[in-house]
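What follows is a short report on a single structure.
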Amino acid sequence: MKILVIGGSYFFGRVFVMLTAGEHEVTVVNRGTYPVPDPGVRQIKGDRREESVWRSLEGDFDVIVDFCAYEPGDIERVLENLPGKVGQYIFISTVDVYARGTGEKKDEDAPLELRTFPGEAGAYIAGKVALEREVREVCARKGVNWTVLRPAILYGPLNYAPREPLYIQMMVQNHVLPRITDATGTFQVVYVKDAAEAVRKCLLNERAYGQAYNLCQDQLLTYELFLGELKKAADVDVTEVPMTTAEAGRQNIPLPFPVTEEESEVYANEKGKRELGIVYISFSEGMARTYRAFKGVYA
């Protein structure tokens, strides 16, 4: 299978490439900020906003997996300029596309957010919502099968976001772990390898054509559960430091998950498990693996 990966040099995309490179012919297009060391993977350095990047790619691709489409036009530019044929376009979206504040558990048929919120987060959500519409419309026009995957908060080895890695760094280097005492928010996560395996299950899978899938573990987490699993995974002495969310902010300690109930949303994952056979490891096991991976970085 010939697979074109857009992004793919770190975290989610990188893990997918690592799992796929030995089985298929993989070409990665990215800005080249990070190299792609996997043997046999072809890397094309370029800005996805430049039409010439896509025109330079000869031959057909069975599947395109797009990890880094954020702005309207990102998908159309690819499909309008590739000279060869494409069998399937897999767009990595986010569960954040759903309308917020409905109070309901959101399956894949829930309405998408039509409001525009201020700031970077608002632009990110609006971009992903627009691109979900774009991938349907452009693929229909070009005769390409499409699939949309909506991951929840990703965690695991290679994570570059200021989430669990910074907490692990505090544990390994300073032997402390903040314990947030007043956070009432809940959230769902997905282990990065599980998400990458979900992408693999969609490759030229006719059941996935024209479908969207949430990617999230079953467990509804809180800050207390998250930090408790981190402490359980640790193999060094750790002192818990109680603090409020305001105190954490003053100390520049990241609070990367919903802090209040009003910010919290709940997502369903039954469709992907039923139709694609997606499997999720427990959060306890995922966090243990993540701790072991990052300990070697920070020790």
Side-chain angles (χ1 to χ4, degrees), residues 11-12 93-108 110-113 115-126 128-129 150-156 159-171 176-192 194-195 214-234 238 240-270 280-288 290-291 294:
F11 201 36
F12 188 6
S93 184
T94 170
V95 291
D96 290 330
V97 295
Y98 292 111
R100 303 187 64 79
T102 65
E104 299 177 353
K105 187 176 184 179
K106 295 173 174 61
D107 63 17
E108 289 80 356
L112 302 190
E113 184 59 76
R115 297 168 292 179
T116 301
F117 299 102
E120 291 184 9
Y124 172 78
I125 293 170
K128 290 292 189 179
V129 171
R150 299 168 178 158
I153 300 169
L154 286 153
Y155 76 101
N159 192 1
Y160 61 91
R163 295 174 185 153
E164 73 281 357
L166 291 187
Y167 283 87
I168 295 172
Q169 183 178 15
M170 286 187 279
M171 295 166 65
V176 297
L177 181 66
R179 180 166 60 83
I180 310 302
T181 57
D182 62 341
T184 57
T186 58
F187 50 94
Q188 285 162 282
V189 297
V190 56
Y191 186 60
V192 65
D194 291 345
N214 294 339
L215 304 180
C216 56
Q217 291 178 289
D218 299 293
Q219 188 175 7
L220 200 60
L221 298 175
T222 62
Y223 271 90
E224 181 179 4
L225 288 170
F226 165 70
L227 295 170
E229 289 296 344
L230 260 182
K231 186 177 181 182
K232 187 189 301 182
V238 175
E240 291 189 4
V241 181
M243 64 180 65
T244 65
T245 55
E247 290 169 335
R250 286 193 291 270
Q251 296 184 42
N252 294 319
I253 294 173
L255 297 174
F257 312 115
V259 172
T260 66
E261 292 182 29
E262 290 74 21
E263 298 175 83
S264 305
E265 303 287 345
V266 182
Y267 308 100
N269 64 9
E270 289 81 9
Y280 300 99
I281 64 170
S282 69
F283 182 66
S284 181
E285 175 60 24
M287 191 53 70
T290 303
Y291 174 83
F294 278 109

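The analysis underlying the following values was restricted to heavy atoms, covering all of them including side chains, and did not include hydrogens, waters or symmetry mates.
- Listed by chain and residue number, nothing satisfies the side chain to side chain donor-acceptor pair (under 3.5 Å) test with Y267 (two or more places apart in sequence, or in another chain).
- A donor atom on one side chain and an acceptor atom on the other are found under 3.5 Å apart for T260 and E263.
- Between E265 and K106 the shortest side-chain heavy-atom distance falls below 4.5 Å.
- I180 places a side-chain heavy atom less than 4.5 Å from the side chain of L227.
- For the residue pair Y98 / D107, no side-chain donor-acceptor distance below 3.5 Å is found, with atom types taken as modelled.
- The side chain to side chain donor-acceptor pair (under 3.5 Å) search around Q169 returns Q173, not counting sequence neighbours.
- P254 is listed as a side-chain neighbour of Y167, based on a closest heavy-atom distance under 4.5 Å.
- Put simply, CG on N269 and CD on E108 are 8.5 Å apart, with the number rounded to the nearest 0.5 Å.
- The CZ atom of F257 sits 5.0 Å away from atom CZ of F187, with the distance rounded to the nearest 0.5 Å.
- Of all the heavy atoms in N214 and Y280, the pair that sits closest is O-OH, 3.7 Å.
- Shown here are the side-chain contact (heavy atoms from CB on, under 4.5 Å) partners of T94, two or more places apart in sequence or in another chain: D96, V97, Y124, K128.
- By the side-chain contact (heavy atoms from CB on, under 4.5 Å) test, A161 is found to be paired with N159, R163, residues two or more places apart in sequence or in another chain being considered.
- Residues passing the side chain to side chain donor-acceptor pair (under 3.5 Å) test with T290, sequence neighbours excluded: none.
- Considering only residues two or more places apart in sequence or on other chains, R100 meets the side chain to side chain donor-acceptor pair (under 3.5 Å) condition with none of them.
- With a 4.5 Å cut-off on side-chain heavy atoms, M170 and V238 do not count as touching.
- Annotation: side chain of F283 is not in contact with side chain of L225 (no heavy-atom distance under 4.5 Å).
- To the nearest 0.5 angstrom, L221 atom CG is 9.0 Å from F226 atom CZ.
- V241 meets the side-chain contact (heavy atoms from CB on, under 4.5 Å) test with V176, M243; sequence neighbours excluded.
- The side-chain heavy atoms of Q188 and I153, taken from C-beta on, include no pair separated by under 4.5 Å.
- Atom CD of residue Q217 and atom CD1 of residue I281 lie 6.5 Å apart, to the nearest 0.5 angstrom.
- One distance of note links OG of S93 with CG of L112; it measures 8.0 Å at 0.5 Å rounding.
- Residues satisfying the side-chain contact (heavy atoms from CB on, under 4.5 Å) criterion with P242, sequence neighbours excluded, are R179, T181.
- The line from OG of S264 to CG of L220 is 7.5 Å long, rounded to the nearest 0.5 Å.
- Listed for the E164 side chain is a donor-acceptor partner under 3.5 Å among the backbone atoms of G156.
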Ignoring hydrogens and angles, write down the donor-acceptor pairs under 3.5 Å from the side chains of residues 245-252, residues two or more places apart or on other chains.
residue	atom	partner	partner atom	Å
T245	OG1	D182	OD2	3.3
E247	OE1	T244	N	2.8

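- Y191 is linked by a ring-ring contact (aromatic ring centres under 6.0 Å, His included) to Y155, counting only residues two or more places apart in sequence or in another chain.
- Contact between L230 and M171 at its shortest, heavy atoms only, is O-CE, 3.2 Å.
- Of all non-hydrogen atoms in A152 and C216, the two that sit nearest each other are CB-CB, 3.7 Å.
- Sequence neighbours left out, the pairs with a member in residues 223-234 that pass side-chain hydrogen bond (donor to acceptor under 3.5 Å, both in side chains) are E229-K232, E229-S284, K231-E240.
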